[in-house]
S.K.: 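Take this structure, written in structure tokens, and hold onto it; I'll ask about it next.
Residue numbers start from 1 in every chain, and the chains themselves are labelled A, B, ... in the order their sequence lines are given, proteins ahead of strands. Computed from a predicted model, the values in this text were never measured in an experiment.
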Amino acid sequence: MIRTHEAGTLRASDAGTTVTLAGWVARRRDHGGVTFLDLRDASGFVQVVVRESESVHDLRNEYCVVATGEVRERPGGNENPDLPTGAIEVVVDTVEVLSPAAPLPFPIEEHKSSNINEEMRLKYRYLDIRREPMARALRMRSKATKVIRDVMEEHGFLDVETPTLTRSTPEGARDFLVPVRLQPGTWYALPQSPQLFKQLLMVAGLERYYQIARCYRDEDFRADRQPEFTQLDVEASFVDQEDILKVGEAIVAAVWKETLGVEIPLPLPRMKYHEAMDRYGSDKPDLRFGQELTELTEYFAGTEFRVFQAPYVGAVVMPGGAAQTRKELDAWQDWAKARGARGLAYVVIDAETGELRGPVAKNLSEAHLSGLADKVGAKPGDAVFFAAGKRAASQELLGAARLEIGKRGELIEESAWKFLWVVDFPMFEPIEDAAGEQTGWHAVHHPFTAPTAESLDTFDKDPGSALSNAYDIVLNGTELGGGSIRIHRKDVQERAFTAIGLSQQEAQSQFGFLLEAFNYGPPPHGGIAFGLDRLVALLTGADTIRDVMAFPKTATGGDPLTGAPTPITAAQRKEAGVDAVFEPKGGQDKNSQDKNAQDKGGKDAAAKDGAARA
RNA sequence: GGUCCCGUGGAGCAGCUAGGAGUGCUCGUCACCCUGUCAAGGUGAAGGUCGCGGGUUCAAAUCCCGUCGGGACCGCCA
């Protein structure tokens, strides 16, 4: 090694030792006769004292240097108790520049770089990662994956890699496609998840599989979405839902303990899907604050007010909301319309008189008005927002309003870690056409998800009420992961396909290889997948998963550092076979794949139902 | 596919609502001074097609249209 010690590890006990350090010039404090350098390496930084000013002149910020000198305690009164290395300094004998640095495109020091343009950060990501927040996030990520691997090994799980060049299967999202030079006109797809492979590994008898797997989905971006992202993928045989939840709990408990020192009380609370929707208007409720929804369908039964003559009426309270200006209240209408709602009805309760006012109040009877505040738990000075219409859509609107109220009112306990399992998801949800008429059913999770014991006999006769053995783990209103127990019985699987309008032929064409495998004694199995990027983003308090990825992409899928994606040359295009047309050579299997490709192009519900979720 | 926000010396901002000379702030860069700082301090200097194109106007960073880039959200997506 070029160095003998790591800069950030030096302490008073090292005084008297001659050390050689290698790293970067983080800061320079030049006093003429004496100069202080903060020498930074991956372990931290230490103050280096240079007496000869000439040599110091060539030591600019972010120069890469090697320095030799003696560690000594700082002169009395010069200690810096705020720094880990603040008791000592290194009095330098020699400093050598290993490589100079050009003037920086942005400051590396944290206090000077709080809000650098993200495009600039991505273009110079190698400098961005020299900054403390990014370096800390990547270390945290590495620590988290290490802990995860330990837990999985302890529980007897086997790390198995699955292909990233695979066949296009009709899953939920758009595929990224790769042309195949050796078979012009055919394409690989990058996997949206290892879902089908991990089920094959269960048929293969490995019993316990896990993988920290890269997944690819060609959909529009969000703060918590990238085209390639990482899942902790888990599957086990001969298990029931309890077994998988226990593994999931062991993982998050160990990760939070080992990375943050936080004890997560186990078992995690559980909430049924319908309860989550009723109380929070979300299948991933943020339990860090209250403001639960109140259902008013019964309360307003018989009302003259047309808007509230609906299958569902509900409300959420905004504390202090009566103080909002007319303009602010109008802004809520625009906010609701942006979410596809007609608007967001409201009543404000006068802080002085307790009188209910607002456009909606005029339409309500005296009896309905007088009991309303008590019914929804509102006080004078509050505002009450209403949604009326179809149950799920109205609850979702109120749920979104609740989150907005929590943010604006600073009601959210930011330091809390509120985990929960959401269980008993519906097995199917209705497919609606543009007019809102139901045209069929599609699998909420994926078509291999097992019904609950209670729904086993009836799920195909009454899909709307069927519940499945699917579960999500939720933290602070973010879905950390989800999974299900899979169907392993052929007759049940066929009924599930029928329920979503998928014929045997179509199922064969889309999942033939999996169904074939299921002919050979498939064990009962189930699993879960965690979004590792989201998990680490929550651990580090990052606003976006880009801040926990070394080299993420921008919203249009670009990488400002490498310039990817780029056009290809005519020669590359020809060689890759991008434009080649597939010519069937008579192989039965090839034909079925080609048919599959055509099926995928259609917008039929069946293709959507292939959503292979973990 | 839709809605909204941002783009001003190397970095981060202000200026735009109400058009009037590239004006200002913090940091960085360069030169010089300085022997105990730790976000060191001081003096001075350099550095700009106001993202790009068009329009309105006597006059545009500022108003209008388009476009490109970045970001947030809806749709979409585990």
S.K.: Going by purine N1 to pyrimidine N3 plus the second Watson-Crick contact, or the G-U wobble pair, all under 3.5 Å, which nucleotide sits opposite B/G7?
M.R.: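 The answer is B/C68, by the H-bond criterion.
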S.K.: Does the base of B/C77 carry an N or O that pairs as donor and acceptor with the side chain of A/Arg225 under 3.5 Å?
M.R.: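 Pair found.
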S.K.: Provide the Watson-Crick or G-U wobble partner of B/U37, both distances under 3.5 Å; none if there is no partner.
M.R.: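 Per the H-bond distance test, none.
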S.K.: What does nucleotides 32-43 of chain B look like as a protein-contact string, B for base, S for sugar-phosphate only, - for none, at under 4.0 angstrom between heavy atoms?
M.R.: S-BBBBBBB---
S.K.: Return the value, rounded to whole Å, for the distance between atom CG of A/Leu561 and atom C1' of B/G69.
M.R.: 17 Å
S.K.: Take atom CZ in A/Arg342; do more than 12 heavy atoms of anything else shown fall under 6.0 Å from it?
M.R.: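 At most 12 heavy atoms, drawn from other residues, nucleotides or ligands, come within 6.0 Å of this atom.
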S.K.: What's the closest nucleotide to the side chain of A/Glu118 if the choices are B/C76, B/A78, B/G71?
M.R.: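 Among B/C76, B/A78, B/G71, the one nearest the side chain of A/Glu118 is B/G71.
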S.K.: Using whole Å, what does the distance between atom P of nucleotide B/A72 and atom CG of A/Asp224 come to?
M.R.: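 Distance, rounded to whole Å: 9 Å.
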S.K.: How about NZ on A/Lys284, more than 12 heavy atoms from neighbouring residues, nucleotides or ligands closer than 6.0 Å, or not?
M.R.: no
S.K.: Between atom CD in A/Glu119 and atom P in B/A11, what is the gap in whole Å?
M.R.: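 Distance check: A/Glu119 CD to B/A11 P gives 11 Å.
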S.K.: Below 3.5 Å, does any donor atom in the side chain of A/Asn61 face an acceptor in the base of B/G28, or the other way round?
M.R.: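 Result: no qualifying N/O pair found.
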S.K.: Just compare B/C73, B/C76, B/G71 and give me whichever is closest to any side-chain atom of A/Ala555.
M.R.: B/G71
S.K.: Between C1' on B/G28 and CD on A/Glu62, what's the gap in Å once rounded to a whole number?
M.R.: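 So the CD-C1' distance, A/Glu62 to B/G28, works out to 13 Å.
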S.K.: What about the rings of A/Phe511 and A/Phe448, do their centers lie closer together than 6.0 Å?
M.R.: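 Judged by ring-centre distance (under 6.0 Å), A/Phe511 and A/Phe448 do meet the cut-off.
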